[in-house]
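A short worksheet on the structure shown next.
Start at 1 and go down the list; that is how both ligands and their atoms are numbered.
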Amino acid sequence: MTPLLEEVLEVARALIRFDTSNAPEAVLGRPPGNETGPAAYLHEYLSGFGVDCELVARDPSRANLVARIPGTGDAPSLAFVGHLDVVPADPRDWTHPPFAAVVDEGGWLWGRGAIDMKNEVAARAVAMAELARAGFRPRGDLWLIAVADEEDGTADVGMRWLLEARPDIRPDLAINEGGGERLPLADGRVVQTISVGEKGTYPVRVVAVGEAGHASTPDVGANAVPLLGELLGRVGRGMPIPQESPHVDAMLEVLLGPVTDRASALHDAAALHPVLAHTIPALGGTTMAPTILAGSGKRNVMPARASVELDCRILPGTTPGDVERAVRARLGTDLRYELEWPEPLIAGSASSPATALMDAISRVLVASGDDAQLLPMLCTGFTDSVYLREAGTPTAYGFSPFRSTPAEVLTAGFHNADERVHVDDLLLSVEFHVALARELLG
Ligand SMILES: [Zn+2]
């Protein structure tokens, strides 16, 4: 094991051992997060190499780490970004305890956060340490921003709050989570994903409207529950009707060439790799997965109203009117229902895939002997890159290279049991980030 691999492995294991499970206190049975532990650990680690570090906290137990190597000011600034919290883990489902950071004989590091995303935070911190030790003087500021509260966000102590509280933290370019999966395609090519944007959300409640009645005579009145059942059948699993999106088209073009028929392109692209089979159809437009049901409060009362909430995930640029049209197109006009909007629209956003950062990433990969083509994708879920773009960082991508951890292992472990990463990918990521900083800021 090289010294640099030993170092990044030690940092990653230390981060995993802090249990930073983040979910509502009612679910966890204790206060969420506790990210100050790993934030303080990184503060001490990086300060040791002369990097300017500070803990910025709205809640003392939930600090964000902000570290910086100041630039001379004649290049754009670059931020290495990550979050320190994780989703909860039930140890009963795991081969190794989720917060023990076990390394097995095959070179796998096991633990909650091994891929989402204490691996990347460790690699980015060690890359910064390595640059500082080498006396690197960047032309633009180099930041490391490791935040609390990404996985839940309701406490608002992480990235959104940090950027509002600290208008001085405005990197021009950011590299965060969400990409780097290596996909050998059915046609023989190899691509690796880079996330250029995230979908947003706009949940809708579909309320079936009937007439109340006594449950002893089911055909009197108009029980709203069977009516809701019919509406639910029309929603099905909530997969989208394909809609126009330049970001999705850019992805499809890398996979298949120019897009003529979007629906068949989505279908063909999904067939190129098992990991794409679920993400690509979901990226076609507004998904509307049915989740929360409500009917009668009393068994002997057939309700006049029954409802389902659809967890709608929307492409960047989608308006409330677009969502309403997509939902009504599914539900038809012959049954009686109303729509309610329990939460405001949270827009998705995306960065251009044609930027200096994309070019630099590509050059660094080629120079390291990696010729897999970059595949610009949207995340089906949310990341802090949305807040970065909102606050004025035009280019925020999700990328960290994985060569030894297959895409299937990454996908299976994400927010699931037996999350693990191959240790060689920790070193690969350190070397990638060192080279990227030198390429852009050197
Ligand atoms: Zn994450």
* Output the atom name for the N/O/S atom of Glu177 with the smallest distance to the Zn ion (ligand 1). => OE1

* Do Asp311 and Arg313 sit within salt-bridge range, that is, some charged N less than 4.0 Å from a carboxylate O? -> yes

* **Aromatic centroids of Tyr387 and Phe382 separated by under 6.0 Å** => yes

* To do: Considering just N/O/S atoms, say which atom of Asp116 is closest to the Zn ion (ligand 1).
  => OD1

* Structure fact -> The atom of His83 among N, O or S that is nearest the Zn ion (ligand 1) is NE2

* **Sequence neighbours excluded, every pair satisfying salt bridge (charged side-chain N to carboxylate O under 4.0 Å, His left out) that has a member inside residues 261-276** => Asp249-Arg262

* To do: Sequence neighbours left out, what passes side-chain contact (heavy atoms from CB on, under 4.5 Å) with Ser195? Give chain and number order.
  => Glu198, Cys379

* Give a yes/no answer: is there an N/O/S atom of Glu151 under 2.8 Å from the Zn ion (ligand 1)? => no

